[in-house]
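One is the number of the first residue; the rest follow in order along the sequence. Any value given below was found using the heavy atoms of this structure, including those in side chains, with hydrogens, waters and symmetry copies removed.
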Amino acid sequence: MNFKIAHDARPQVTALLLATALSLLLWFLPYAEIVTYPFRIFVTFIHEGGHALATFVTGGSVRSLNVSVDGSGEVYSATGGLLSRMFVSSAGYLGAMAFGALLLFLVRLRVRARAVLIGSGALVLLLTAFFGFLAPVWNLSLPGLFTLVAGVALPLGLFAAARYLGPRAAAFLVSFLAVQCVLNAVFDLKAVLFASALTDAQTDAANMQAATGISSIFWAFFWIAVSLVILSLVLRAYVAGKEGPSQPDLPFEDSPLEV
């Protein structure tokens, strides 16, 4: 697959490569999980939020969204027919990958990093409020304490970063957050593949097997393939030049495109 990096894309590509290198380095450093832990919890919110939103848009009801201290999560919901159950089960891993791809695309468009950080924080806060707090209370159950604490602390951290970081630091943070979403989705899918092949663990792939009768291993491979397609498409868009006359390189935050 041939990627030709456009001249105007080089500043963003440089930041992306640095964010990727840092992310991979942190995977192998002792105790580095302390640094990446908030990002892991963020990705779990996006994953479980994908399930919850998919349930909501297909007419189902979400009873609770929970995120645990160990980085795992779960959504209790009542879904409809076969297509609804397939969509909801697929929305976790593919949703996390798609969200990471969206962040990369926004960086490439030079949307202000501060706006992206505020939007990401607001998304986690809304997921926490509606599905982590109101949904369980409505269904006469207790919200998860860690879900509420993390669901407020993460947005506050993102809002603070948007407020106090400089333009380049904020843009790098968005790139790092995107890489974390993508890498966590890929590694989680690898774990699901091994779990499907070697154990009877209850996973999204196992839910798909229960809904369709098709092996959970197939669904793990299918989600990996779709994730790679999503990543390939966004990387092509990321390195491509813009139509029209060439323009000089601009800092991440100096483009007229804002939100």
Side-chain angles (χ1 to χ4, degrees), residues 36-81 83-103 116-159 177-178 180-189 191-192 195 201-208 210-211 216 219 223 227:
T36 58
Y37 182 73
F39 297 96
R40 173 62 186 167
I41 299 301
F42 175 87
V43 176
T44 302
F45 267 103
I46 299 301
H47 177 112
E48 302 304 334
H51 289 310
L53 291 173
T55 300
F56 180 77
V57 300
T58 56
S61 62
V62 178
R63 296 178 179 175
S64 68
L65 181 155
N66 290 300
V67 174
S68 301
V69 177
D70 63 1
S72 63
E74 57 188 6
V75 169
Y76 290 101
S77 61
T79 57
L83 291 179
S84 174
R85 294 169 64 188
M86 292 176 63
F87 181 59
V88 170
S89 295
S90 300
Y93 297 112
L94 297 186
M97 175 63 75
F99 188 82
L102 174 62
L103 293 182
V116 177
L117 292 174
I118 291 172
S120 298
L123 175 61
V124 172
L125 194 60
L126 289 172
L127 290 173
T128 303
F130 283 100
F131 302 124
F133 178 72
L134 292 177
V137 169
W138 180 261
N139 287 281
L140 304 179
S141 61
L142 292 175
L145 178 59
F146 181 78
T147 303
L148 299 181
V149 172
V152 172
L154 283 175
L156 288 178
L158 291 171
F159 296 157
L177 193 62
Q180 287 293 308
C181 288
V182 170
L183 288 181
N184 274 285
V186 170
F187 284 118
D188 285 347
L189 281 169
V192 168
Q202 187 64 33
T203 64
D204 291 341
N207 292 337
M208 285 289 278
S216 58
W219 292 114
W223 289 334
S227 296

Taking Arg40 first and then Asp70, would you say they form a salt bridge - that is, a charged N and a carboxylate O separated by under 4.0 Å?
no
Does the side chain of Thr58 come within less than 4.5 Å of Leu83's, by heavy atoms?
no
Scanning both residues in full, the closest heavy-atom pair of Ile41 with Ala150 reads CG2-CB, 4.0 Å
Cys181 versus Phe42, closest heavy-atom pair with distance
SG-CE2, 3.9 Å
Check against side-chain contact (heavy atoms from CB on, under 4.5 Å), Val69 and Tyr37
CA-CA 10 Å; Val69 177; Tyr37 182 73; 3.6 Å; yes
Would you name the heavy atoms of Ser216 and Ala206 that are closest together and state the gap between them?
CB-N, 3.9 Å
Taking CZ in Phe39 as the centre, count heavy atoms belonging to other residues, nucleotides or ligands within less than 6.0 Å. Is the count above 12?
yes
Any non-hydrogen side-chain atom of Leu94 less than 4.5 Å from a side-chain atom of Ser227?
yes
Rounded to the nearest 0.5 Å, what separates atom CZ in Phe130 from atom CG in Leu53?
11.0 Å
Heavy atoms from other residues, nucleotides or ligands near CZ of Phe146 exceed 12 (cutoff 6.0 Å)
yes
Within-4.5 Å side-chain heavy-atom neighbours: Phe99 and Val43:
no
Donor-acceptor pair, side chain of Ser72 and main chain of Ser68, under 3.5 angstrom:
no
Take Val57 and Phe87 through the test side-chain contact (heavy atoms from CB on, under 4.5 Å) and record every step on the way to the result.
CA-CA 10 Å; Val57 300; Phe87 181 59; 3.8 Å; yes
Measuring from Thr44:OG1 to Leu65:CG, what's the distance to the nearest 0.5 Å?
10.0 Å
Counting distance only, does the side-chain N/O of Thr147 pair as donor-acceptor with the main-chain N or O of Val67 below 3.5 Å?
yes
How far apart are the closest heavy atoms of Ala91 and Gly50, and which atoms are they?
CB-O, 3.3 Å
So how far is it from Ser77 OG to Phe131 CZ, rounded to the nearest 0.5 Å?
10.0 Å
Looking only at heavy atoms, the pair that brings Leu103 and Ala178 closest together is CB-CB, 3.6 Å
Can you name the nearest heavy-atom pair linking Gly151 to Val124, along with the distance?
O-CG1, 4.0 Å
Within the distance-only criterion (no hydrogens, no angle test), does the side chain of Thr55 pair as donor or acceptor with the backbone N or O of Gly60 below 3.5 angstrom?
no
Looking only at side-chain N and O atoms, does His51 offer a donor or acceptor that is under 3.5 Å from a partner on Asp204?
yes
Atom pair CG (Leu102) and CE (Met97), whose distance is rounded to the nearest 0.5 Å
13.5 Å
Atom CZ of Phe159: over 12 foreign heavy atoms under 6.0 Å
yes
Please assess Met208 against Ser90 for the test side-chain contact (heavy atoms from CB on, under 4.5 Å), listing each intermediate value before the final yes or no.
CA-CA 8 Å; Met208 285 289 278; Ser90 300; 3.7 Å; yes
To the nearest 0.5 Å, what is the distance between CG on Leu158 and CG on Leu125?
10.5 Å
Do the non-hydrogen side-chain atoms of Phe45 and Thr128 ever get within less than 4.5 Å of each other?
yes
